[in-house]
*Asks:* 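My structure is below; once you've seen it, I'll send some questions.
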Amino acid sequence: MPAPDRPTLDGVEQRWARTWEERGTYRFDRTRPRPEVFSIDTPPLTVSGSLHIGHVFSFTHTDAVARYQRMRGRAVFYPVGWDDNGLPTERRAQTVFGVRCDPSLPYDPAFEPVNGSGRQVPVSRRNFIEVCERLRDTDEKAFEAVWRRLGLSVDWSLVYVTIGERARAAAQRAFLRNLRRGEAYLAEAPTLWDVSFQTAVAQAELEDRPTRGLAQRLRFLVDGAPVEVETTRPELLPACVAVLVHPDDAEHRHLVGRTARTPLFDVEVPVMAHHLARPERGTGVVMVCTFGDLTDVAWWRELSLPTRVVVTRDGRLTATPPQALGRAGRGAYAQLAGRSLDEARRRVVEMLAEAGDLAGPAVAVERPVKFYEQGDRPLEIITGRQWYLRNGSHDEGLRDRLIERGRELSWHPDRMRVRYENWVGGLQGDWLISRQRFFGVPIPVWFPLDGSGRPDHGRPIPAGEADLPVDPATAAPPGYEEARRGVPGGFAADPDVMDTWATSSLTPQIVCGWESDPDLWERTYPMDLRPQGQEIIRTWLFSSVLRAELELGGLPWRNAAISGWVLDPDHKKMSKSKGNVVVPIDLFERYGSDAVRYWAAKGRPGSDTTADEGQIRVGRRLAIKLLNASRFVLAAGEAGEGVPTEAVDQAFLTRVAGAVAEATEAFEDYDYTRALEVTEQLFWSFCDDYLELVKSRAYGDLGPEGAASARSTLRRSLSTLLRLLAPFLPFATEEVWSWWREGSIHLARWPEPDAPAGADARMVDDVVMVLAAIRRAKTEARLSMRAPVGCVRVAGPAAVLDRVRAALADLTAAGGVASWDWTPRGGEPAVEVRP
RNA sequence: GGGCGGUUAGCUCAGCUGGUCAGAGCGCCUCGCUUACACCGAGGAGGCCGGGGGUUCGAGCCCCUCACCGCCCACCA
């Protein structure tokens, strides 16, 4: 199809997206051996949210690299996944369809969710999962449409979902292997618990939020003498099991070894020394409760303190008092039993005040409190039976290996490695992978029931690997009849599902066909690139390295590209709650996808970027300019097979070759931004300088030989420029390519830096210098660029004059120069223009 | 509390191992409807490179220190 008279970007996205799909342009060629493959482990996006500009930003970076590698001749394995597993989908199902899961209800095949508001309808687990699936299907279609519009060169036949069969099987298989090797284990331990979601959460999902509270001073008694203890959680006083001071605290260390009595509940607790007790905090004397925070857990463990539980899973005080309380204590506790934590806190303070056990007024304080990152109530710590996966926190050997893997991995940018090492070095405990939720991958395990129908958690019955994926809630374990479910001597399913990261951590295994497609596995694993956000280094990246190390003993990929944030124009991180989120589709409509991609690619690896419509406009201008310049080049006429003969043409091609070398080097280093900058600069110099200079000659005004040389150079340069820009502007470049070439530019070979022998690239600068001087003179004289000038005098070193004179015919034509005057001399070249 | 980034023209940002490194684009101003493009072209003005010390013949670039901004980690008394 020849170039149209008035090229336009309108409709290019729809047209080319369709063509690429029909022709399978980005289909992975799985006949290619591993060295010819470039495989990418893309982040499975949470489909329950909405796609925002940050996703567009980072996915464009990956796509630019993918397109570069494809043009380098690699078969690019570039699947895309949706994370539809877990809590976010459940939450959205609850709000969109107004349902709530009640596992005790029976399945209702006729149930139809209504888009709704108001009260949440309780439904069975199976109905709930069906609602989640329905929601997920529509969400995923919407996401895919955005990605196609953006022009991601993913292979859409390779889509995977984290709740899908393949992912469930892989997650369960990996878990069973972990179980067999003793890396997964069941333990009764203090657990961070979200009282809203009614589930345990892992360390990686915590975040600190500054939270206001009241610090109270409580009066304990040690041998009849009052000792003040400060706390923001007075309601946990009945759970107090010890009082601590720092061993070097001169003021308090005499108390160590003695016994304190708690106010109100009158329980005897030991006074002990521990180095984590901070003399400068509060009164320097701290009470340990089971459990107020993670420090309590550490103290409880290290000092072998007893357990005194008062908090229930729904965030209330237990109905019955702890055993340790005496008669007086029980009386006091009765006023707190069953109350919410907030109520109990207020009540216990009143009681303390009445009893005269408060040493002063409450002081308002703000301190960091741990929240589940998706939750809105502070986490509590309760004791429960949960599944854990070893992660090196208690195993120096494993930890060192994980650190070592982090060093083997190439990070882009390199400094991101520090975050990984910080995280691995700071792990507090093994990874808690069980969740008390519904829409997730079930833990593939049952427990035998004893004679009285109680499960024996010490002897889990693992599923058979051949049966995966399995839902223990509906399938019977190997060797059992379904009829024995729930009956004494029979079995019971483990009711829990896995943490969503327990599935996501296996994306390389899932997409590369681990244990299910050995041929694919051979060609794609370990993968080349893991692109992801910095905020999930501690979760996705770390857990992926861990799972691969445990199962396969090595890194799952060679490179990790960590993207930065997109900030709004006020330098705030974008978030829905701030209302500053930019919707990508809207930008695509207004500026075109290439323009948005251009803006994204200007964001350097790992650096934050501002959402700047000005930059997007520049991208649009670049795309339009490309269409117009290309039209001109192609309209100038065929070049034949001739090699450029004019010195200035050869000089420009040398410049082009230099840019190709630089862009290639940048891309090899994952620095797509530098590749774009180099290319962009070349392109504008091509349009503004070279093209203007040789225009007359290209038209044939200066004879056929010069015309052939110019046309050949124009076409060679254009071909190279288009290919250099193809990773960034896939639509505009493909459009132009289609005007004069067969096949997709995205399957064309990346250009080689081949410069003509003996050409001198400095000539371009010298000639442009003179051209610019002529233009300046015309502008200052308020003349049209086409206006003729009289005499142009050039003074400077002889070598410079020679280089300028080598393009004299072009300069004379482009500048409309009547005569020239040359003055060889040392120093900086100078140009004087006379009317 | 520890750590990692950042602070360069009004705005968004380049400036590699210290010596044309004071740059680009946007915006602004002026000029120009030139047969690729007015969704354009040409030209111009704009900065004591966050502050303060130091090293050096020479420092946006190295060292120290302070101040802001962003983020990560941290045991919430």
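All heavy atoms count here, side chains included; hydrogens, waters and symmetry mates do not.
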*Asks:* Output all residues satisfying ring-ring contact (aromatic ring centres under 6.0 Å, His included) with Phe265(A), sequence neighbours left out; order by chain, then residue number.
*Replies:*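 Scan of Phe265(A) (ring-ring contact (aromatic ring centres under 6.0 Å, His included), adjacent residues dropped) gives none.
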
*Asks:* Is there a Watson-Crick or G-U wobble partner for rG60(B) with both distances under 3.5 Å, and which nucleotide is it?
*Replies:*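 By the stated definition (distances under 3.5 Å), nothing pairs with rG60(B).
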
*Asks:* List, with names and distances, any nitrogen or oxygen atoms from the protein found under 3.5 Å away from nitrogen or oxygen atoms belonging to nucleotides 25-29 of chain B.
*Replies:*
from    : atom 1 : to        : atom 2 : distance (Å)
rC26(B) : OP1    : Arg621(A) : NH1    : 3.1

*Asks:* Now, which nucleotide makes the Watson-Crick or G-U wobble pair with rG1(B), with each of the two distances under 3.5 Å?
*Replies:*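 Partner of rG1(B): rC73(B).
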
*Asks:* Do any side-chain nitrogens or oxygens of Arg281(A) fall under 4.0 Å of OP1 or OP2 in rA77(B)?
*Replies:*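 The answer is yes; a side-chain N or O of Arg281(A) sits under 4.0 Å from OP1 or OP2.
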
*Asks:* Distance check: side-chain N/O of Lys778(A) vs OP1/OP2 of rG41(B), anything under 4.0 Å?
*Replies:*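 Checking rG41(B) against Lys778(A), no side-chain N or O comes under 4.0 Å of OP1 or OP2.
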
*Asks:* Tell me which nucleotide, if any, is Watson-Crick or G-U wobble paired with rU34(B) when both distances must be under 3.5 Å.
*Replies:*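 rU34(B) is paired with nothing.
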
*Asks:* rC73(B), OP1 or OP2 - any side-chain N/O from Gln534(A) closer than 4.0 Å?
*Replies:*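 So the side chain of Gln534(A) is outside the cut-off, no N or O lying under 4.0 Å from OP1 or OP2 of rC73(B).
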
*Asks:* I want to verify a distance call: between rU35(B), rU20(B), rG43(B), whose nearest atom is closest to the Arg786(A) side chain?
*Replies:*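 Side chain of Arg786(A) sits closest to rU35(B).
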
*Asks:* Rounded to whole Å, please give me the gap between CZ in Arg775(A) and P in rG43(B).
*Replies:*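 The answer, rounded to whole Å, is 5 Å.
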
*Asks:* Between Thr211(A) and rC76(B), is there a side-chain N or O to OP1/OP2 distance below 4.0 Å?
*Replies:*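 No.
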
*Asks:* Can you tell me if Lys602(A) touches the phosphate of rA14(B), counting only side-chain N or O atoms and a distance under 4.0 Å to OP1 or OP2?
*Replies:*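 Indeed not, no polar side-chain atom of Lys602(A) lies that close.
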
*Asks:* Using a cut-off of less than 4.0 Å, is there contact between a side-chain N or O of Arg233(A) and OP1 or OP2 of rA77(B)?
*Replies:*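 Arg233(A) to rA77(B) OP1/OP2: no side-chain N or O under 4.0 Å.
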
*Asks:* Starting the side chain at C-beta, find the nucleotide from rC71(B), rA77(B), rC75(B) nearest to Arg278(A).
*Replies:*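 Closest of the options to the side chain of Arg278(A): rA77(B).
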
*Asks:* Arg782(A) side chain: which of rC71(B), rG3(B), rU30(B) is closest?
*Replies:*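 Nearest listed nucleotide: rU30(B).
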
*Asks:* Quick one: Phe542(A) CZ to rC72(B) C1', roughly how many Å, whole number?
*Replies:*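 Result: 16 Å.
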
*Asks:* May I ask you to establish whether Lys695(A) and Phe632(A) are in a cation-pi arrangement, using a distance under 6.0 Å from NZ or CZ to the six-membered ring centre and at most 45° from the ring axis?
*Replies:*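 Yes, a cation-pi geometry holds between Lys695(A) and Phe632(A).
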
*Asks:* Closest to the Trp423(A) side chain: rC31(B), rA74(B), rC37(B)?
*Replies:*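 Closest of the options to the side chain of Trp423(A): rA74(B).
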
*Asks:* Between Ser784(A) and rU34(B), does any side-chain N or O lie under 4.0 Å from OP1 or OP2?
*Replies:*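 Answer is no, no contact under 4.0 Å.
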
*Asks:* Calculate the interatomic distance between Arg219(A) atom CZ and rA77(B) atom P; express it in whole Å.
*Replies:*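 In whole Å, rA77(B) P and Arg219(A) CZ are 21 Å from each other.
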
*Asks:* What is the pairing partner of rG43(B), taking Watson-Crick or G-U wobble pairs with both distances under 3.5 Å in any strand?
*Replies:*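 Its partner is rC29(B).
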
*Asks:* So, Glu207(A) versus Tyr372(A): side-chain donor-acceptor pair below 3.5 Å or not?
*Replies:*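 No, no side-chain donor-acceptor contact under 3.5 Å.
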
*Asks:* Counting only side-chain heavy atoms from C-beta out, which of rG3(B), rC39(B), rG70(B) sits nearest to Asn422(A)?
*Replies:*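 Output: rG3(B).
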
*Asks:* Of the listed nucleotides (rC73(B), rG3(B), rC39(B)), which one gets closest to any side-chain atom of Arg538(A)?
*Replies:*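 Closest nucleotide to the Arg538(A) side chain: rC73(B).
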
*Asks:* I want to know whether Phe57(A) and Trp599(A) have ring centres closer than 6.0 Å.
*Replies:*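 Distance test on ring centres: under 6.0 Å, yes.
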
*Asks:* With the side chain of Glu828(A) defined as its heavy atoms from C-beta on, choose the nearest nucleotide among rU20(B), rC75(B), rU34(B).
*Replies:*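 So the side chain of Glu828(A) is nearest to rU20(B).
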
*Asks:* Should Arg6(A) be listed as having a side-chain N or O under 4.0 Å from OP1 or OP2 of rC37(B)?
*Replies:*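 Arg6(A) to rC37(B) OP1/OP2: no side-chain N or O under 4.0 Å.
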
*Asks:* Find the distance Arg419(A):CZ to rG5(B):P and express it as a whole number of Å.
*Replies:*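 It works out to 10 Å between those atoms.
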
*Asks:* Please state the P separation for the pair rG60(B) and rU7(B) - nearest whole angstrom.
*Replies:*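 About 15 Å, rounded to a whole number of Å.
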
*Asks:* Which nucleotide wins on minimum distance to the side chain of Glu692(A), given the candidates rU20(B), rC4(B), rC37(B)?
*Replies:*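 Among rU20(B), rC4(B), rC37(B), the one nearest the side chain of Glu692(A) is rC37(B).
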
*Asks:* Could you tell me whether Arg233(A) and Glu235(A) make a salt bridge, using a distance below 4.0 angstrom between a side-chain N and a carboxylate O?
*Replies:*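 Here Arg233(A) pairs with Glu235(A) in a salt bridge, since their nearest N and O are under 4.0 Å apart.
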
*Asks:* Do Arg597(A) and Phe728(A) form a cation-pi contact, if we require the NZ or CZ to be under 6.0 Å from the six-membered ring centre and within 45 degrees of the ring's axis?
*Replies:*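 Cation-pi check for Arg597(A) and Phe728(A): fails.
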
*Asks:* With sequence neighbours excluded, tell me which residues meet ring-ring contact (aromatic ring centres under 6.0 Å, His included) with Tyr672(A).
*Replies:*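 Tyr672(A) satisfies ring-ring contact (aromatic ring centres under 6.0 Å, His included) with His61(A) only.
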
